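One structure below.
In what follows, every chain begins at residue 1, and chains take the letters A, B, ... in the order their sequences are listed. Side chains included, hydrogens not; waters and symmetry mates left out as well; all remaining heavy atoms used. Nothing here was measured: the structure is a model prediction, and the numbers come from that model.
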Protein chains: 2
Amino acid sequence: MASTFAVLADPHRRQILDVLRDGERPVNDLVDGLSVSQPTVSKHLKVLRDAGLVEVRRDAQRRLYRLRPGPLAEVDAWLAPYRRMWEDSLDALERRLDVIGREDGSR
Amino acid sequence: MASTFAVLADPHRRQILDVLRDGERPVNDLVDGLSVSQPTVSKHLKVLRDAGLVEVRRDAQRRLYRLRPGPLAEVDAWLAPYRRMWEDSLDALERRLDVIGREDGSR
DNA sequence: AGCATATATGCCGTTACAGCTATATTGCCG
DNA sequence: CGGCAATATAGCTGTAACGGCATATATGCT
């Protein structure tokens, strides 16, 4: 089974998830937004299903896909220890820009 | 240039970043931790460099790699809208477990 | 039943990537 | 200068992934 990280590596899959954030959608809606063929979208959906990131519900001929954000917690957990680090970096950058700004003002 | 997501898709690369969280390291240290060959590690480091996730400093024959967490902010930004969603799911799960627990206790 | 709609699957070609071995590069030291 | 240590690069290979087209499957409608 592919890791959640690997699943998110594909931009089309992230795009699908982004759309599903607004609520469940039939496959056709997803195809419209993606500029890839319907079979390709179906394949991406299978990957997302296997990763537990979406679930399906049947509605007549259509299948409505819905987001299951649970596995994203794994990504967030990995990211957590880094979060404060880049915040610190940005702070440092801001301080430096601030210094430059003051130097410029005193010219 | 590969997206940060794609760069993080490889577990070895994530592992390298994890090690570098503790401070800068020469390549050899990274090789020891990874159970892949030195050239392979060097290649991963190149990918990480190109993605702006690490930077190098020369120390005699060695190269010391250091973390640059900045690009991870992009991942975090993408993740942000989902965060509250899975928190909600977990809350719901906890509530359910809580109910079960109480039912069990009242038996 | 027969056709239309919606989605999934199979098959194929192409490309990208991760790994390895061998070799080049760079810097140190005797 | 010659050789060792550390790292990078080149070349090769196997595999996996993405995409497309054609086709299968499932459901609804008439």
Side-chain angles (χ1 to χ4, degrees), chain A residues 1-20 22-68 71 75 78, chain B residues 1-20 22-68 71 75 78:
Chain A
M1 215 180 297
S3 85
T4 306
F5 284 96
V7 172
L8 295 181
D10 186 281
H12 288 144
R13 284 195 288 261
R14 292 198 301 278
Q15 221 175 322
I16 289 175
L17 294 178
D18 286 340
V19 172
L20 292 182
D22 282 346
E24 61 181 5
R25 294 288 151 86
V27 177
N28 226 355
D29 278 26
L30 301 170
V31 172
D32 290 346
L34 283 211
S35 75
V36 284
S37 71
Q38 173 267 313
T40 297
V41 172
S42 268
K43 266 182 245 179
H44 282 308
L45 287 170
K46 179 177 173 51
V47 174
L48 290 168
R49 245 183 294 133
D50 290 347
L53 281 162
V54 300
E55 66 183 355
V56 214
R57 183 167 71 88
R58 323 182 60 131
D59 171 53
Q61 315 98 322
R62 300 186 306 171
R63 313 267 175 122
L64 299 180
Y65 279 82
R66 169 192 318 212
L67 189 63
R68 292 184 95 228
V75 176
W78 181 85
Chain B
M1 214 182 298
S3 87
T4 306
F5 284 96
V7 172
L8 295 183
D10 186 281
H12 287 143
R13 285 195 286 263
R14 292 199 299 279
Q15 220 175 323
I16 289 175
L17 294 178
D18 286 341
V19 172
L20 292 181
D22 282 346
E24 63 182 4
R25 294 288 152 89
V27 178
N28 227 354
D29 278 26
L30 301 171
V31 173
D32 290 346
L34 282 212
S35 76
V36 285
S37 70
Q38 173 268 314
T40 297
V41 171
S42 269
K43 238 189 239 184
H44 283 309
L45 287 170
K46 178 177 172 54
V47 174
L48 290 168
R49 247 184 291 135
D50 290 347
L53 281 162
V54 302
E55 66 183 357
V56 213
R57 184 169 72 86
R58 324 181 59 131
D59 171 54
Q61 313 99 320
R62 300 186 305 170
R63 313 268 175 121
L64 298 181
Y65 280 82
R66 169 191 319 211
L67 189 63
R68 292 185 92 226
V75 176
W78 181 84

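Counting atom types as modelled, B/Q38 pairs no side-chain N or O with a base atom of D/dA6 as donor and acceptor under 3.5 Å. Contact annotation: side chain of A/K46 to base of C/dG10, donor-acceptor pair absent below 3.5 Å.
Note on A/T40: a side-chain N or O is less than 4.0 Å away from OP1 or OP2 of D/dG20. Look at A/Y65 and you won't find any side-chain N or O under 4.0 angstrom from OP1 or OP2 of C/dA6. For the pair B/R62 and C/dT26, the criterion of a side-chain N or O lying under 4.0 Å from OP1 or OP2 is not met. A sub-4.0 Å separation between OP1 or OP2 of D/dG20 and a side-chain N or O of A/S37 is present.
Taking the side chain of A/R58 as heavy atoms from C-beta on, and the options C/dT26, D/dT27, C/dG19, the nearest nucleotide is D/dT27. When distances run from any side-chain atom of B/P39 to the nucleotides D/dT9, C/dT7, C/dA6, the shortest one goes to D/dT9. Among the nucleotides C/dT7, D/dT27, D/dG20, the one closest to any side-chain atom of A/A60 is D/dT27. Residue B/H44 has its side chain nearest to C/dG19 when only D/dA5, C/dG19, D/dT7 are considered. The side chain of A/S42 sits closest to C/dT9 out of D/dT7, C/dA22, C/dT9.
Under a 4.0 Å N-O distance rule, the pair B/D50/B/K46 qualifies as a salt bridge.
Counting any heavy atom pair closer than 4.0 Å across all strands shown, B/P26 reaches sugar-phosphate atoms only and no base atom.
A side chain to side chain donor-acceptor pair (under 3.5 Å) with A/H44 holds for exactly one of A/Q15, A/R49, A/R13; it is A/R13. None of B/Q61, B/R62, B/R57 except one satisfies the side chain to side chain donor-acceptor pair (under 3.5 Å) rule with B/D59; the exception is B/R62.
In this structure, B/D59 atom CG and D/dA6 atom C1' are separated by 11 Å, rounded to whole Å.
Positionally, the nearest nucleotide of DNA chain D for B/K43 lies more toward the 5' end than for the other of B/K43 and A/R63.
Looking at A/R14, its side chain does come within 3.5 Å of a backbone N or O of A/A9 through a donor-acceptor pair.
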